[in-house]
Amino acid sequence: MLLRRWLSVLLLVVIPVPAGAISLHWASGTDTLTFIEARRCTLVVEVDSAEGTLPEEWRLLWVAEDFGNLVIVPDTTFATLTMAQAVSVLPPTAAETDANVITCNFRLPGSPPITAARYLLDLPTGSSGKFIVYALLPGPDGASGTLARSQAAVVNGGATANFPALVMGATGDHTTTRLSVRGRGAGLGAAASASLVAADTSWRVPLTITEATDSTLTAEAEVPTQLPDAVLQVSLADSMSAATPLPASQVMAPMVDSVTIRGNSFLVPPDSAGVSPKDFAFVYNTVPTATPGVWRGLFHLIYIRRLPNGDEFNLGHAWSPDLRNWTSDRYHFLQGPLGTWDAKHVWAPSIVQNGNLYHMFYTGVDAGGNQRIGRVTTPLLDTTNTVWSDRKMVYAADSTRWVVRHPSAFGFRDQFRDPFVFPDPDTAGRFLMVYTAMDTNYKAQLGHSVGLARNRPGTLDRWIDLSRYESTDYGHNGYLWQVESPHVIPDSGYVPPYWVSGDRPTGWRLMYTWGGNHPDTQILRVAKDTLTVNVADTLSSGWGFTQTLYSYLSADTTVRGLQASEHLKAGNVDYIAGYNAYLVDGIQISRMYWNGPNFYLRIPAVTGVDVAGASTASVRLRVLEFDPKARKVRFQIRVFREWCGCNHAVAPTVAG
């Protein structure tokens, strides 16, 4: 005897209004059905009250004997104007598969009110079972009210097993680092464990159950990072499980301290003489404070520390609440132990949040000089209390089809570096990685190209090779062989989170650095896509011609000398940043402004060597007028009393 117990989620694309109790019956109007041979049956969900309409969402539970998966047939031949029908069955996510959940889209041929919905089931010979429906009916104030339950609809005498448990809805409270989740449903008193998981199960946060009754469950966990959309998954004592979505919008979020953000900044980290910042990660997040319910916004720069002799053994970390006042930790992250894949150098970090963890991808160089890409994780990206762990190599040249292995021109050392990781806009829960490596098509020219990879479902530790962007190779980029430090920028259509349907960007910019010593206006390159709205399109036909960023911005001197650029969107503000060894030997941050599908930069408004604790921390340089064509600039220097001993600010204005 094969026993199956499934939970089916049925979604209506209508706005719910108060409804009466829910009933469930076969098309004949009875709640029992008997047959001998396999047949297609119609099951109807209906509200008892003639005045009401069906709620927006309900759940169908079933238990059966002697048949396998429940087959719901797409139903596109509409019966009546007031009856919705299951027009499609959505492919289950990994979390839904784990919890035995099926999701259907229902459509209505007419206009509300909707009094009933049906779906077609293919039931096999010799099968028996029973069905039941739960619906969370809205209360008088529009909030969730009564959990209504229908009577059972029986097939061939039913089944002896009990119905599975149900989680019908969930809310959360994350105003402190202690996340509390409350679920509603039925049979929850048998819960053995609970977790928040990603739809693709690539991350999981175990919860501690603090209270469980038949209809409610409360569970908690210490989570110092705000979470994205998740699934509440409850495992039961009988090894079955139930699940329900928990959108981030259903979690009471903490207040964030107000942040005054200056548009432009130069960061020169306080360091030993001759130490320069190079490739870096640029991140904005919220972190908990000592005040309950209040978190603070924080900008982060994690960067390569290049020593005077050229060694790059570790990454530094600078943070700021406002892009003006910076604090730095020189030895934030060190190279790996002797004999490991990252024992010699650590380069080019890139940080992305996945669930409750931040993943920092970076290039590791071993003692032999071979370059590979790996990652570490942390649940808290804050200041000096940030601790990275679980160091792992995840991607290398031998995992690709297009990268040269052990090139003789580089002493047989693999050239495989500079990862930039970002959410895949076309597949929820997936990520893309761009990087640079030596291209087999241009081995004779030592040509490097920008590669592309996508993570395997459910993990950020395995990556699938998607080839390389043709527009970046030696034959298409203007015969540049040293291509480095790539990243992509979504255009003004970017509304976070930009991988959600309806918030997709209308275009992309692919940017990279021309490595080596070149004129300061020729370093950064940008390729604009042809509005394919598919950043994973690697063919040259999908991207327009490549030009310098200086040219793209109509000779804006703000970007002279900029290298290894990064993009950040904080709230509704976009920034572009790069390290600048030509002009300031520091990291430059500029605000971006969008004009349709193109962006421009505001002239530098605030610059300064203003890291907390530095002797020049109170010096401010403000540009008042900037006219590159007339070769004219007028600026103001402000020196405050804590630096000069004056009783007031000294603010001379200088023109030149």
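Positions are given from 1 along the sequence. Predicted, not measured: the structure shown is a model, and the values here were computed from it.
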Salt bridge present between Glu312 and Arg305 (N-O < 4.0 angstrom): no
When you compare the side chain of Glu566 with that of Ile576, does any pair of heavy atoms fall below 4.5 Å? no
Intermediate values then yes/no, side-chain hydrogen bond (donor to acceptor under 3.5 Å, both in side chains), His448 and Asp439: CA-CA 5 Å; His448 288 54; Asp439 194 330; over 6 Å; no
Can you see which heavy atom on Pro308 is nearest to which on Val275, and at what distance? CD-CG2, 4.2 Å
Asn477 side chain to Asp473 main-chain N or O, any donor-acceptor pair under 3.5 Å? yes
Any idea which heavy atoms bring Glu470 and Ser540 closest together, and the distance? OE1-N, 3.0 Å
Between Val376 and Ser389, is there a side-chain heavy-atom distance shorter than 4.5 Å? no
Run Phe361 and Tyr435 through ring pair (Phe, Tyr, Trp, His ring centres under 6.0 Å) and show every step you take. CA-CA 11 Å; Phe361 293 85; Tyr435 59 97; over 10 Å; no
For the pair Ser350 (side chain) and Val421 (backbone), establish whether a donor and an acceptor sit closer than 3.5 Å, ignoring hydrogens and angles. yes
So Gln335 and Lys344, do their side chains get closer than 4.5 Å, heavy atoms only? no
How long is the straight-line distance from OH of Tyr512 back to NE2 of His487, given to the nearest 0.5 Å? 13.0 Å
Under 3.5 Å, side chain of Thr225 to main-chain N/O of Pro379, donor-acceptor pair present? yes
So, for Tyr362 and Phe333, is the gap between ring centers shorter than 6.0 Å? yes
Taking 4.0 angstrom as the limit, do Arg391 and Asp342 come out as a salt bridge? yes
With a 3.5 Å distance limit and no angle check, can you tell me whether His345 reaches the backbone of Ala343 through a side-chain donor-acceptor pair? no
Give a yes or no on whether the backbone of Val387 and the side-chain of Thr378 come within a donor-acceptor separation of less than 3.5 Å. yes
Go through the steps to decide whether Phe599 and Trp594 satisfy the test ring pair (Phe, Tyr, Trp, His ring centres under 6.0 Å), and finish with yes or no. CA-CA 4 Å; Phe599 69 86; Trp594 289 94; 5.5 Å; yes
Say whether, by atom type as modelled, one donor and one acceptor occur between the side chain of Thr363 and the main chain of Asp418 under 3.5 angstrom. yes
Please report the shortest heavy-atom distance between Leu562 and Gly578, naming the atom on each side. CD1-O, 3.6 Å
Rounded to the nearest 0.5 Å, what's the gap from CD1 on Ile587 to CG on Leu301? Could you check? 5.0 Å
Heavy-atom closest contact (Leu381 atom, Ile302 atom, distance): CD1-CD1, 4.3 Å
Enter the distance from Ile489:CD1 to Lys569:NZ here, rounded to the nearest 0.5 Å. 11.0 Å
Do any N or O atoms from the side chain of Thr546 and from the backbone of Val526 form a donor-acceptor pair under 3.5 angstrom? no
Show your working on salt bridge (Lys or Arg N to Asp or Glu O under 4.0 Å) between Lys392 and Asp461 and close with a plain yes or no. CA-CA 8 Å; Lys392 184 178 296 184; Asp461 293 343; 3.3 Å; yes
Taking the side chain as everything from C-beta on, heavy atoms only, tell me whether His567 gets closer than 4.5 Å to Pro490. yes
Please tell me if the side chains of Phe410 and Leu446 come closer than 4.5 Å, counting only heavy atoms from C-beta onward. yes
State, with a plain yes or no, whether a side-chain heavy atom of Trp295 is found less than 4.5 Å away from one of Pro224. no
Have Gln226 and Thr286 got a donor and an acceptor in their side chains that come within less than 3.5 Å? yes
Are Phe416 and Trp463 close enough, and set up right, to give a ring pair (Phe, Tyr, Trp, His ring centres under 6.0 Å), and what steps lead you there? CA-CA 14 Å; Phe416 197 83; Trp463 293 82; over 10 Å; no
Mark yes or no for whether Gln415, through its side chain, and Arg413, through its backbone, hold a donor-acceptor pair below 3.5 Å. yes
Kindly determine whether Tyr579 and Gln563 satisfy side-chain hydrogen bond (donor to acceptor under 3.5 Å, both in side chains), including the steps that lead there. CA-CA 5 Å; Tyr579 80 85; Gln563 305 176 64; 3.3 Å; yes
Could you tell me whether the side chain of Gln588 and the main chain of Thr558 form a donor-acceptor pair under 3.5 Å? yes
Output the distance between atom CG (Leu298) and atom OG1 (Thr327), rounded to the nearest 0.5 Å. 9.0 Å
Please enumerate all residues that pass side chain to side chain donor-acceptor pair (under 3.5 Å) together with Asp382, with sequence neighbours excluded. Arg296, Asn385
Value for OG1 (Thr377) from CD (Gln353), rounded to nearest 0.5 Å, stands at 12.5 Å
Counting only N and O atoms by type, is there a donor-acceptor contact under 3.5 Å from the side chain of Asn455 to the main-chain atoms of Phe431? yes
Would Asp465 and Ser399 count as a side-chain hydrogen bond (donor to acceptor under 3.5 Å, both in side chains) here? Give the steps. CA-CA 7 Å; Asp465 176 26; Ser399 298; over 6 Å; no
Check the pair Tyr469 / Trp543 against ring pair (Phe, Tyr, Trp, His ring centres under 6.0 Å), numbers first and verdict last. CA-CA 9 Å; Tyr469 289 101; Trp543 297 84; 5.6 Å; yes
Indicate whether the side chain of Tyr474 and that of Gln445 have a donor and an acceptor atom separated by less than 3.5 Å. no
Could you tell me how the ring of Trp514 sits relative to the ring of His518: parallel (under 30°), tilted (30 to 60°) or perpendicular (over 60°)? parallel
Charged N-O contact under 4.0 Å between Asp366 and Arg372: yes
Parallel, tilted or perpendicular: ring planes of His332 versus Trp388, cut at 30 and 60 degrees: perpendicular
Would a 4.5 Å heavy-atom cut-off, applied to side chains only, mark Ile523 and Tyr582 as touching? yes
Can you tell whether the side chains of Arg454 and Asp424 come within less than 4.0 Å, N to carboxylate O? yes
Within the 4.5 Å heavy-atom criterion, are Tyr550 and Arg560 side-chain neighbours or not? yes
His317-His300 aromatic ring centre distance below 6.0 Å: yes
In Å, rounded to the nearest 0.5 Å, how long is the span from CG of Leu452 to CH2 of Trp402? 10.0 Å
Any donor-acceptor N or O pair under 3.5 Å, side chains Ser485, Asp279: yes
Ion pair present between Arg405 and Asp398, side-chain N to carboxylate O less than 4.0 angstrom? no
Residues in ring-ring contact (aromatic ring centres under 6.0 Å, His included) contact with Trp203, at least two apart in sequence or another chain: none
What closest approach, in Å, do Asn354 and Ser202 show between heavy atoms, and which atom pair accounts for it? ND2-OG, 3.2 Å
Looking at Trp347 and Gln371, what are the two nearest heavy atoms and their distance? CZ3-NE2, 3.6 Å
Testing Thr513, Leu524, Asp556 one by one against Leu549 for a side-chain contact (heavy atoms from CB on, under 4.5 Å), which residue passes? Leu524
Is the distance between the ring centroids of Phe422 and Phe420 less than 6.0 Å? yes
